[in-house]
Amino acid sequence: MDPRQGLRLLLPAGAVDRDRPRRPGQGRGRPRDHLHGRRRAAPGRPHQPAALRRPHAGLLHLAGHDAAARRRGAHRHPGRRRPDQPRPAGRVLDRGPGLAGQRRQRCRHRLHRGRRPVTAPVRTRFCPSPTGTVHVGLLRTALFNWAHARHTGGSLVLRIEDTDAARDSEESYRHLLDSLRWLGLDWDEGPEVGGPHGPYRQSQRHDVYREVAAKLAAAGHAYESFSTNEEVEARRLAAGQDPKLGYDNADRFLTDAQRAAFRAEGREPVLRLRMPDSDLAWTDLVRGEVRFAVGSVPDFVIVRGNGAPLYPFVNPVDDALMGITDVLRGEDLLPSTPRQLALYAALQDVGVAAGPPRFGHLPYVTGEGSKKLSKRDPQSNVDVYRERGFLPEGFANYLALLGWSIAEDRDVFSMAEMAEAFDVTRVSANPARFDLKKAEAINATHLRELPVEEFVERAVPFLAGAGLVADPPTPEQDRVLRAIAPLAQERSVVLSDVVGLLGFLFVEEVQIDPAAAAKNLRPEDGEVLDAAADALRDLDDWSTAGIEQALKAALVEGLGRKPRQAFGPVRVAVSGRTVSPPLYESIELLGPERTLARLAAARGAAG
RNA sequence: GCCCCCAUCGUCUAGCGGUCCAGGACGCCGCCCUUUCAAGGCGGUAGCACGGGUUCGAACCCCGUUGGGGGCACCA
């Protein structure tokens with residue numbers, strides 16, 4: 001016999017299912033009756049499809065519900081026909097009473113926006129854990145939370161989940177904040193900003209968790225569990241079940257005597273949350289209805305044997321305490337949502353939470369292939385892009401495209417434009433591949449749109465980092481930089497490109513790229529270098545136009561070479577590369593001395 | 001194994017039952033411009049996974065199949 005069946009009778013129903021007065025707008029459906037169900041919790045099996053309770057029928061929930069129902073194609077308006085097709089048992093969603101009335105005004109379709117009733121202001125949060133490098137997927141999540149908050153006029157809370165002392169570091173923490181700010185994200189509450197719900201680092205909130213855990217235990221929502229993993233596995237095996245099913249809720253109804261006996265053995269219990277005896281479902285902001293059957297999620301550990309609270313516990317607790325209304329997070333957390341919902345119900349019951357938040361599970365960012373971009377993958381490290389000289393606005397723009405689009409025929413936009421247009425219910429549910437080429441193209445567009453002075457300003461650190469100019473540049477360097485900048489700007493994809501492109505202007509002797517030499521400094525090119533040197537040596541008008549005229553006369557007309565054959569060797573001699581800014585301008589800026597010296601040096605190399 | 005998510009050009013997406021022999025962007029390929037490379041301009045290539053159903057009509061709604069991904073900790 002299933003131990004749970006008999007034991008359940010022993011539980012005082014009131015211990016869990018208190019019929020508390022509810023806040024307006026909540027508890028719209030039937031009372032939540034976690035443990036009143038008479039059904040057997042057959043894992044993964046459909047069951048009693050009828051009138052589901054809506055355990056989480058907060059106001060906010062309904063708003064989200066409708067928005068996402070639309071995504072699923074269920075965009076029906078009052079008066080329009082609803083295709084009430086028969087659905088198989090177990091998949092039926094009873095939307096509960098009162099919903100139609102609610103939906104009427106809640107449509108957030110572009111055309112219907114603005115008629116939305118005022119609801120509680122949106123509060124989103126971003127809660128990274130400072131362990132090592134910053135992942136592009138993480139930053140994308142932060143960006144979407146930011147955009148959602150800004151778009152709705154709500155606020156963004158930053159909370160640091162540093163409960164893992166072994167992996168967290170102060171350095172990672174600093175770096176994380178720095179990366180967020182680099183991208184252009186700001187938060188309304190959190191570290192270094194403060195706010196009424198602090199502290200915002202979980203390492204400083206242990207007392208809070210202890211207190212909440214005690215409340216949950218006192219109310220019967222959580223209970224002490226003594227089973228070891230080995231014992232659970234043994235029981236599963238003995239029952240002919242897959243041990244992967246996990247904990248079997250065996251300790252749910254231990255008597256005081258049993259508990260005492262376990263303690264006498266020296267066992268330290270963990271605290272587990274009692275999962276409700278009903279399906280757990282929610283309407284995801286990006287995916288629509290998601291449902292987990294009763295029994296598919298076992299009672300989970302919220303506090304370790306040593307008293308340390310665990311992530312699945314502290315995360316919702318803090319969300320509740322901080323008044324978070326919208327949780328936008330990675331798809332990887334989707335399977336843990338039923339637990340969060342159950343926890344929320346319990347928290348609500350003990351007066352800690354006002355109601356569950358809306359959830360939106362953002363699609364994965366994948367790398368090559370279709371696997372989730374791993375933290376180990378160098379491509380996932382945001383620093384790489386930053387160091388290469390991606391513009392924050394360009395990178396943010398690209399990140400936004402990973403799952404969202406601003407319009408049918410546009411994909412270049414600013415952060416402000418994103419905030420203006422962002423609608424989380426229009427985020428795609430598909431995983432998105434990180435495409436470096438496209439990221440570069442988007443960035444290049446932003447780069448070119450920069451005012452020249454700003455381009456120079458942003459490029460200087462890269463030039464200085466390569467030891468090419470002083471920071472700030474000397475007046476002479478500044479003069480050269482300003483003159484060449486427009487030509488470099490339209491040839492750059494990322495800021496660091498200027499190092500290779502302009503380096504030759506800031507060194508005394510140029511390093512000639514061997515491949516370039518092989519191609520353009522052959523023995524037969526010697527005459528070109530000689531002629532160019534002769535033409536430039538006596539040039540009075542050292543200007544772009546003067547240089548152009550002199551070189552054309554000497555090389556094209558004088559030697560009868562085609563432009564390509566004429567200017568290639570000169571370019572390599574002067575810049576060291578086959579690719580450079582326009583030649584005449586480059587020579588002008590380089591000046592007669594260095595130009596002639598390089599032509600002579602290249603003459604030697606050409607043989 | 002169980003549970004969940006996903007499915008439109010190579011890639012990211014638009015598409016919300018007729019306006020779609022499917023639109024944009026990146027990439028790729030041509031051409032133009034040109035002292036190189038870019039940029040820019042013009043043009044091209046390429047896609048609704050499959051099978052049922054609902055409907056006068058389906059890329060769009062429903063079911064299934066197949067394929068891909070993720071989660072199943074006293075880690076976050």
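Below, chains carry the letters A, B, ... as their sequence lines are ordered, and counting in each starts from 1.
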Nucleotide B:A73, atom P - distance to CG of A:D299 in whole Å: 14 Å
Could you go over nucleotides 19-24 of chain B and give all protein N or O partners under 3.5 Å, atom names and distances?
{"residue": "B:G23", "atom": "N2", "partner": "A:E408", "partner atom": "O", "Å": "3.4"}

Rounded distance [0.5 Å steps], CD in A:Q340 versus CG in A:L334: 10.5 Å
Gap in Å between the two C1' atoms, one belonging to B:A46 and one to B:C9, rounded: 5 Å
P spacing across the pair B:C5 / B:C61, given as an integer number of angstrom: 15 Å
Under-4.0 Å salt bridge between A:R159 and A:D319: yes
Under 4.0 angstrom between A:R304 side-chain N/O and B:C75 OP1 or OP2: yes
Nucleotide nearest A:E161 when distance is taken to its side chain, options B:C74, B:A76, B:C5: B:A76
Lys/Arg N to Asp/Glu carboxylate O, A:D279 vs A:R291, below 4.0 Å: yes
Presence of salt bridge, A:E331 and A:R287, under 4.0 angstrom: yes
Who pairs with B:C42 - Watson-Crick or G-U, where each distance is under 3.5 Å: B:G30
C1'-based separation of B:U55 from B:A59 [nearest Å]: 16 Å
Watson-Crick or G-U counterpart of B:C72, or none if no pair lies under 3.5 Å: B:G1
Between P of B:C74 and CD of A:E268, the distance in whole Å: 15 Å
Side-chain heavy atoms of A:K562 within contact of A:Q565, under 4.5 Å: yes
Gap in Å between the two C1' atoms, one belonging to B:G27 and one to B:C21, rounded: 25 Å
Sugar-phosphate, base or nothing in reach of A:V301, heavy atoms under 4.0 Å: sugar-phosphate
Aromatic ring pairing A:F292/A:W282, orientation class (parallel under 30°, perpendicular over 60°, tilted between): parallel
Nearest-nucleotide comparison on RNA chain B, the residue closer to the 5′ end among A:A439 and A:K371: A:A439
Proximity to the side chain of A:K244 - top-ranked nucleotide from B:C3, B:G1, B:U11: B:G1
SB check A:E408 A:R426 (cutoff 4.0 Å): no
Within 6.0 angstrom of A:Q549 CD, more than 12 heavy atoms from elsewhere: no
Candidate pair A:L536 and A:L551, rule side-chain contact (heavy atoms from CB on, under 4.5 Å), full reasoning: CA-CA 8 Å; A:L536 294 175; A:L551 287 180; 4.1 Å; yes
side-chain hydrogen bond (donor to acceptor under 3.5 Å, both in side chains) partner of A:R329, the single match among A:N145, A:T141, A:T337: A:T337
A:N430 CG to B:A59 C1', straight-line distance once rounded to whole Å: 13 Å
Summary of protein contacts for nucleotides 28-40 of chain B, nucleotide by nucleotide, where a base hit scores B, a sugar-phosphate-only hit scores S (4.0 Å, heavy atoms): -------BBBBS-
For atom CG of A:D435 and atom C1' of B:U13, their distance in whole Å: 12 Å
Parallel, tilted or perpendicular: ring planes of A:H361 versus A:F359, cut at 30 and 60 degrees: parallel
Given B:C12, B:G71, B:G68, the nucleotide with the shortest approach to the side chain of A:S370: B:G68
Whole-angstrom distance between B:C37 and B:G30, as gauged at atom P: 14 Å
Distance between C1' atoms of B:G18 and B:G10 (Å, rounded): 31 Å
Nearest-Å distance once atom P is located in both B:U11 and B:G47: 12 Å
Interatomic distance where CD belongs to A:E368 and C1' belongs to B:G69 [whole Å]: 16 Å
For atom CG of A:L402 and atom P of B:A25, their distance in whole Å: 19 Å
Interatomic distance where NE2 belongs to A:H361 and C1' belongs to B:G69 [whole Å]: 15 Å
Sugar-phosphate, base or nothing in reach of A:T163, heavy atoms under 4.0 Å: sugar-phosphate
Listed nucleotide nearest any side-chain atom of A:P431, set B:C6, B:A76, B:C12: B:C6
Within residues 332-339 of chain A, residues whose heavy atoms come under 4.0 Å of RNA chain B: A:D332, A:L333, A:L334, A:P335
Residue A:V290, side-chain heavy atoms: nucleotide from B:C4, B:C74, B:C12 that is nearest: B:C4
Basic-acidic side-chain contact under 4.0 Å: A:E161, A:R125: no
P-based separation of B:C33 from B:C28 [nearest Å]: 22 Å
Atom-pair distance (CD on A:E289; C1' on B:C4), nearest Å: 13 Å
Cationic N near anionic O, under 4.0 Å, A:R201 to A:E170: yes
Side chain of A:V270 - closest among B:C26, B:A14, B:C74: B:C74
Side chain of A:F292 (C-beta onward), nearest among B:C4, B:A76, B:C26: B:C4
Under-4.0 Å salt bridge between A:R272 and A:E224: no
Strand partner of B:A7, provided both Watson-Crick or wobble distances fall under 3.5 Å: B:U66
Sugar-phosphate only, base, or nothing, as touched by A:V493 at under 4.0 Å among non-hydrogen atoms: nothing
Carboxylate-amine/guanidinium proximity below 4.0 Å for A:D318 and A:R205: yes
Strand partner of B:U36, provided both Watson-Crick or wobble distances fall under 3.5 Å: none
